[in-house]
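Only one structure is covered here, and it is reproduced in the block below.
Note on naming: letters A, B, ... go to the chains in the order of the sequence lines (proteins, then strands), and numbering restarts at 1 for each one.
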Amino acid sequence: MIKPEEIKMSTDESGKWGMVIDQDICTGCQACVAACAMENNISFVGEADSGYGRSMHWIRIERFWEGEYPEVKMTPNQPMMCQQCGSATCEPVCPAFATIHSQAEQLNLQVYNRCIGTRYCANNCPYQVRSFNWRDYERPEPLPNQFNPDVTVRRRGVMEKCTFCIQRIHKAQDKAKSEGREVLDGEFTTACAQACPASAITFGRVDDPESLVSQLAHRGHGVKHLEELGTLPNVTYFKGG
Amino acid sequence: MSDKLSRRDFLKLAGVGAASTAVLTGCGPASRSVKREPYMQMPEYTYNGLSTYYATTCRECAAGCGLVVRTSQGRAIKTEGNANNPLNLGKTCARGQATLHGLYNPDRVTDPIKRTRGNASGDIVTWENATQIVADALKNNKPEEIAFLMGMAPDHLFDLVADLANSTGINAPVRFGALNMFESRATLSKAAENLFGEAGLPFFDVGGAQVVFSFGANFLETWLSPVSYTRGFAGLREGQTKKRGTFVQFESRMSSTAGKADEWMPLRPGTEALVALAIGRLASELRGGSMPRAFADVDPLEAASKSGIKLETLEHLAEMFANSTGALAIPGGTALGQSNGLAVAEAVLALNAIADNFGKPGGVFFSALAPNQTEYQRSASVKEMQEFVQQMADGKFKVLFVHGLNPIFELPASLDFKNALKNVEQVISFATFPDETALESDYVFPDHHGLESWGYQRVATGSAQPVLSGAQPVVSPFYNTRATADVLIAAAQLASGKFAEALPFQDEVEFLQSKISPLMSEADGFFSAADIDTFAAYFQQYGGWWKLSDGRAVPNSADVLNRSLSSAEAEFAGEGEFFFVPFVSPTLAEAGANKPWLQELPDPTTTVMWNTWVEINPVTAEELGLKDDDVVTITSEAGVLEVPVYRYPAIRPDTIAIPFGQGHTAYGRYATALDENGKIIKRGVNPTDLLGQHFNEAGDLAFAGMKVNIKKTGKKQLLSRLESIMGVYGVGLGEEK
Amino acid sequence: MIKRLFDWLKQPLGLIAVGIAFLALFSLAAYGIFQSQQSPAQPIQFPHATHAARGLQCLYCHPGAARGPSAGIPAQAKCWACHQQIQKTLDSQLADTQFPLLKPLVAAVTSNTPLEWVPVAMVPDFVQFNHRAHVAAGQNCENCHGDMTKVTVAENPQVFNMGFCLNCHKKVAGENHELLVKLTDCGTCHY
């Protein structure tokens, strides 16, 4: 049996799954946002609630303005989702252990059935990428026919966030195992990366130096957001330009 | 104290209350009252719990991107791009993703209905009756009294109606779509005809270029084939194998395309031709040799003063263009939707002659014609639609069939399609959704949703190879709908005589096979087969048929620079103070408003969701005393709109802009809103209500050629937006301007 | 006003009234929960024992278990493939008198309507269970579902709660640290 002290705390710098996002070619078209919503059964909340900032985007595209007219510029579009931190600030604050680190996949998990809705994790997330189910949002029949059976439909009072499409990770692992091999690089990808018309998002194993995502991440000019907080994020951004 | 509850008592009371609420409102486990129905006959290749994937074609716009749809237990779960299809190579846009919210939309037309026009409820008729009604309409009217108005997709149905019209003498079907209006397709093909001697849709190889100058073309949003052009843009920026390309956008409002540009040139609306020719002249000077006739008459200094772009900037741009090994200039969008749109298109296309990029990588081509196409077929311009509506109003048509578009919403209100409908005796709509036009029809005989349909779509542009994207049903029809092609074929058989001879088919599938069978004998295909059944099976499996070779044609550029080109400025209609730029919402486009997740996608530039806004420069707003969410009245010569303000930092102070996509009065619960009394009201506004009937020389609407006035109403309407407004313009910091 | 009501509630009679009201509400809720946990009746009292006794493998009718997440209920065509060759199914008189269990099947097949089965072994929505992985790992069906040669309508020999899953996962992993991490990771089943 494993002893508690043998369990590694999440300080492993290498991570397992990671992403590289090229902001220079992201056009802000929202295809990733729509793809994410369709894959992960995310509720839409309607005009009023989205006005209160309750919309449930697991991935959002940020843009900022620089300068004043006519020298105004839009900063490169910045897709922002859970950075799957190696040392996540959301994890230690959860009183219900619903926000915990997956030792197997090195991801930040959100266990819906444990979540009691304190929203401490969202409060402590420096990336502001967690969204909360303020209501049981109505999805009238026959819209639920579209639900992805591989992803839990969340109820009111539960926190949720990007999972790096863990259902796709499991599916690929399951398939590889049934064929007696390892998961290949590029064999599957997340919903956002698969949809992106500009191929601005690359997903894969960052602990495998041969994978495309590792090769890209080590190209030199990538940055990780708020790295100075010691969160060890697993998403690398190219600002471009 | 005696008359008040003590804190202790209150807590006791609250405790009892909380406990009973918790028990009563379901802390309990989920219900176990579940039933499962097995298949009667398990479809081949299907296993419980495992997904089946089908290749088909996206019908959210007419571009024709291939899809692969994941289905599970007969339900469509997720759309992905078809990686085989050369047009989109496995990618989709947001609308392609949300097409499932159309398929499972709670507001679809579920049955064939007969209704009193304008009345939302109707009586259900049987499909036998419906077919008889269509047959009678065909048989009992003179051929010239029958008109078909069709959308840009699907192409197979258009071909079927065109064949029917050809052999029976009824009016040839007219095609239109609001996207085409905002793309100014007629102008592009007319300019190509004038310059190259051949009408066609130009293809711009953005991916292979080094410097791209785009005049109003919003090719990263909705223009022509956004998924393919976005891939091209990624190629332009790709710094791995070549130098990172530069992109300059010329337009008065920074669209989300312009937001990706290295330099944004906010020129004065109407001066695009002048600026393009001035750059042409300066670039020709830098290149040396004799000055081409095309640029000889333009004065760069005049261009600088009229457009508001400094002469040094023009010189710097000309240098950039002249010194690049792969320069490309693209005309499109708002630049062409002005009274001088054709001149703009010609001037910008002529710039490419300096770069001499015709038919070269990174240059201008004619788009590859689809495999079963012999010449470029253009959709109707608004000018042609105006004539069509006039014929309707004059009572020339006794029966009108509408499929695939919503003219009451998509045509400018000043054309008054709705009123003209009154002079058509019988209006039969094949709408899948209860849109405004279906509401004003006598009959709605709903077609299947695109994911339940057979068909094909010709790829008009965006792929180097000639592509015919194929569609097949990925799920069985969810409602009592019927394929319009099947209805027409059955009705033609009932009408007998020349109608039955025109469509001698069992059903839609037999018709499709007759259309794709000639491809079997064509060389160089992605696949081939000796018999039609095998060929049709591959056609479904791969999601269409395409050639492996490049089908793009090289424009004849011999005469481009030897023509005199007009540098005249655009004329603007109306007495207003502000230039008015309507633009297509990149996420909603013309038919996305009824899909809830498209509504909840933030606009890429303003991040507004679920509504319409007017973009006003903050300086102008301050002069007018306007803040965010202040409702203003916008008046043009054609109409009036009330819309809340969004202070947009990247728009000229003399220009305002409104997105197109909202403003539905019907079209389902997500496209409309409810007032306090539960009555259906408009969600947002439709900017085409402000457009008068002014055209450019090619017959496209001068939609960006209006001037409007703004008046403050004093009302407020809060816009839902994703961005935080904290700190923007001092909001929340106690220093708001 | 509230104060007076509260004072009345605090005297013995009031306390009894509160107690009765609370008990009534509580038993109503308990009854409601109990009701929601009752499965509807099966359309056929399906004799698993009879089928298993004839040597039919579980995977013959539930092949999904070896291939993917769900074992599945066989399509009616599969039932009929065998039963249409069985005399007592076809002979309506025999079925009427001696084998009434077969009548719903015949009716369903002839009227082309699906039987509505009631699932017996269920996990909550927030659990992502995959049969294939368990079968591949050498688990037999009866380890979780019990011995089908002994029951008619399938019934759960144990409650499928997390303790049941984890006990087995821990036992299987044993001293294999990597496997234990994988098999006890929340993200293995909950996402």
CD-SG distance between B/Q97 and A/C36, expressed to the nearest 0.5 angstrom: 10.0 Å
Assert top hit (heavy-atom pairs under 4.5 Å, partner chain B, pool A/K73, A/R60, A/R139) equals A/K73
Looking at side-chain heavy atoms only, is the closest gap between B/Y648 and A/W65 below 4.5 Å? yes
Could you tell me if the side chain of B/P266 sits less than 4.5 Å from the side chain of A/Y69, heavy atoms only? yes
Can you tell which part of B/T222 gets under 4.5 Å to a heavy atom of chain A, answering side chain, backbone, both or neither? neither
Partner of A/M38 by side chain to side chain contact (heavy atoms under 4.5 Å, CB included), out of B/E80, B/H101, B/R70: B/H101
On the 0 to 90° scale, with breaks at 30° and 60°, tag the B/Y670-A/F44 ring pair as parallel, tilted or perpendicular. perpendicular
Donor-acceptor contact present, side-chain B/K78 to main-chain A/N148, <3.5 Å: no
Pick from B/N617, B/L601, B/V227: which one has the most heavy-atom pairs with chain A under 4.5 Å? B/L601
Might you confirm whether atom OH of B/Y479 has over 12 heavy atoms from other residues, nucleotides or ligands at distances under 6.0 Å? yes
Name the region of A/Q23, side chain, backbone, both or neither, that has any atom closer than 4.5 Å to a heavy atom of chain B. backbone
Suppose we screen for side chain to side chain donor-acceptor pair (under 3.5 Å). Which residues come up paired with A/Q30, at least two apart in sequence or across chains? none
NZ of A/K175: more than 12 outside heavy atoms within 6.0 angstrom? no
Residues A/D24, B/R244: salt bridge by 4.0 Å N-O rule: yes
Contact winner vs chain B - A/T75, A/D49, A/N77, heavy-atom pairs under 4.5 Å: A/N77
Does B/S720 use its side chain to pair, donor to acceptor, with the backbone of A/E47 at less than 3.5 Å? yes
Output the option from B/I651, B/L718, B/T79 having the highest count of non-hydrogen pairs under 4.5 Å with chain A. B/I651
Rounded to the nearest 0.5 Å, how far apart are SG of A/C26 and CG of B/L220? 10.5 Å
Could you check which of A/I61, A/V72, A/L143 has the highest count of heavy-atom pairs closer than 4.5 Å to chain B? A/L143
Does any non-hydrogen side-chain atom of B/M265 lie less than 4.5 Å from one of A/P70? no
If you define the side chain from C-beta out and look only at heavy atoms, does anything of B/P106 sit under 4.5 Å from A/P142? yes
Taking every heavy-atom pair that is under 4.5 Å apart, which of B/R683, B/R652, B/Q599 has the most such pairs with chain A? B/R652
Let me know if A/D150 has heavy atoms under 4.5 Å from chain B in its side chain, its backbone, both or neither. side chain
Does any non-hydrogen side-chain atom of B/I77 lie less than 4.5 Å from one of A/E39? no
Which atoms of B/N88 approach chain A - backbone, side chain, both or neither, heavy atom under 4.5 Å: neither
Using the side chain to side chain contact (heavy atoms under 4.5 Å, CB included) definition, which of the options B/Y229, B/F219, B/F233 pairs with A/T27? B/F233
Which atoms of B/T605 are under 4.5 Å from chain A, going by heavy atoms: the side chain, the backbone, both sets, or neither? both
B/W597 side chain to A/I42 main-chain N or O, any donor-acceptor pair under 3.5 Å? yes
Look at A/E141, A/M56, A/E62, A/H57 and state which one has the largest set of heavy-atom pairs under 4.5 Å with chain B. A/H57
Checking heavy atoms, do the side chain of B/A673, its backbone, both or neither come under 4.5 Å from chain A? neither
Under the ring pair (Phe, Tyr, Trp, His ring centres under 6.0 Å) rule, collect the residues that match up with A/H218, sequence neighbours excluded. none
Step through the shown structure and confirm whether more than 12 heavy atoms of other residues, nucleotides or ligands are within 6.0 Å of CZ on A/F97. no
Select one option (side chain, backbone, both, neither) describing which atoms of B/A650 are under 4.5 Å from chain A's heavy atoms. both
From B/R231 atom CZ to A/C196 atom SG, the distance as rounded to the nearest 0.5 Å: 12.0 Å
Could you state the interatomic distance from CZ (B/R669) to CD (A/E138), rounded to the nearest 0.5 Å? 7.0 Å
Most contact-rich option vs chain B, by heavy-atom pairs under 4.5 angstrom, among A/A200, A/C29, A/S55, is A/S55
For B/E600 and A/G46, indicate whether the former's side chain and the latter's backbone hold a donor-acceptor pair under 3.5 Å. yes
Which answer fits A/Q194, side chain, backbone, both or neither, if we ask what part of it has an atom under 4.5 Å from a heavy atom of chain B? both
Which is it for B/R237 and A/D22 under the salt bridge (Lys or Arg N to Asp or Glu O under 4.0 Å) test, yes or no, and what are the steps along the way? CA-CA 10 Å; B/R237 292 299 205 205; A/D22 189 345; over 6 Å; no
Choice from B/V619, B/D603, B/T92, B/V608 maximising heavy atom contacts with chain A below 4.5 Å: B/T92
Are B/L103 and A/Q146 close enough, and set up right, to give a side chain to side chain contact (heavy atoms under 4.5 Å, CB included), and what steps lead you there? CA-CA 9 Å; B/L103 175 64; A/Q146 179 268 325; over 6 Å; no
Identify which part of B/R108 has an atom lying under 4.5 Å from any heavy atom of chain A, answering side chain, backbone, both or neither. neither
What part of A/S43 gets closer than 4.5 Å to chain B, counting heavy atoms only: side chain, backbone, both or neither? backbone
Interchain contact, B/P602 with chain A, by part (heavy-atom threshold 4.5 Å): both
Should the heavy atoms of other residues, nucleotides or ligands under 6.0 Å from NZ of B/K716 be counted, would the total exceed 12? yes
